[in-house]
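Remarks on the structure that follows.
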Amino acid sequence: MKVKLTGRDALIVVDVQKDFCPGGALPVPDGDKVVEPLNIYIKLFSGAGLPVFATRDWHPENHISFKKNGGIWPVHCLQNGKGAEFHDDLMLPPDAFIINKGDRPELEAYSGFQGTILDSLLKERGVRRIFVGGLATDYCVKHTVLGGLNLGYHVFLLSDAVRAVNVNPHDGDRAVELMLEKGAVSIVAGDIDV
Ligand code: VGL
Ligand code: ZN
């Protein structure tokens, strides 16, 4: 499937942070493998003058998603911590928009739209189609894609640039099925025409 980029498109890179990569606090298997394809998308979008957004999980020490606070996850992506940094090889452009999420102690925020100004930033720029990749397929990518669909965006899932946590063996596959069922369109980098 060929997709031609237009002035109403934006790239959203979800949570490509050290803690979600091998060696991190909440490693996604092969999480670092999304970096290379995402760099291709970043080049395509930046080169075409289109906006690039990068979300990051940005938790306070007392965040409810942590096991010690009653949640299900190990401590990860602490605000200003090493683990919250983007992967060193991710080539975000200098004018990328950074969207912090999950920064309030009492709220989990898997979606980049939840408790952020992402929607208003996109609307300000007239964006109608979003291209979403990153980590993890079965959590923050899924919720960002579904959030975008609910807000009326056309959503492309960058299937060559996502990886799943797979707490249960097929969570990633199921997440992809759900996103497609709800209207997302799966593409790979080779599908994009500039
Ligand atoms: C995520 C688990 C906990 C994600 C964030 O970015 O997918 N997963 N916090
Ligand atoms: Zn988190």
Fill in the blank from the handout: Value for SG (Cys140) from CD (Gln114), rounded to nearest 0.5 Å, stands at 9.5 Å
Exercise for the section: Answer yes or no: is there a side-chain heavy-atom contact under 4.5 Å between Thr116 and Leu121? Expected result: no
Exercise for the section: Any pair with a residue in residues 32-44 that passes salt bridge (Lys or Arg N to Asp or Glu O under 4.0 Å), sequence neighbours left out, goes on the list, sorted by first then second residue, please. Expected result: Asp30-Lys33
Handout entry: Contact check, side chains of Leu157 and Val141, non-hydrogen atoms, under 4.5 Å
Key = yes
Problem - Residues that Glu61 engages under side-chain contact (heavy atoms from CB on, under 4.5 Å), provided they are two or more places apart - result: Lys68, Leu78
Problem - Approximate separation, where rounding is to 0.5 Å, of Thr144 OG1 and Met179 CE - result: 9.5 Å
Practice task
Taking His63 for its side chain and Leu107 for its backbone only, find out whether a donor-acceptor pair lies under 3.5 Å.
Solution key: yes
Practice task
Measure the shortest side-chain to side-chain distance between Asn150 and Phe113 over non-hydrogen atoms and say whether it is less than 4.5 angstrom.
Solution key: no
Exercise for the section: May I ask whether Val14 and Phe53 are part of the same hydrophobic cluster, defined by side-chain heavy atoms of I, L, V, M, F, W, Y residues being less than 4.5 angstrom apart, directly or through others? Expected result: yes
Fill in the blank from the handout: Going by chain and number, the hydrophobic cluster around Ile64 (ILVMFWY, side chain to side chain under 4.5 Å) further includes none
Exercise for the section: Indicate if Val28 and Val75 have the same hydrophobic cluster label, given that clusters are the connected sets of ILVMFWY residues with side-chain heavy-atom separations under 4.5 angstrom. Expected result: no
Practice task
Might you point out which heavy atoms bring Val194 and Leu5 nearest each other, and give the distance in Å?
Solution key: CG1-CD1, 3.7 Å
Problem - Aromatic ring proximity His76/Phe20, centre distance under 6.0 Å - result: yes
Problem - Flag if over 12 foreign heavy atoms under 6.0 Å of NZ, Lys182 - result: no
Practice task
Answer yes or no: is there a donor N or O on one side and an acceptor on the other, between the side chain of Gln17 and the main chain of Cys77, under 3.5 Å?
Solution key: no
Handout entry: Contact check, side chains of Val165 and Asp171, non-hydrogen atoms, under 4.5 Å
Key = no
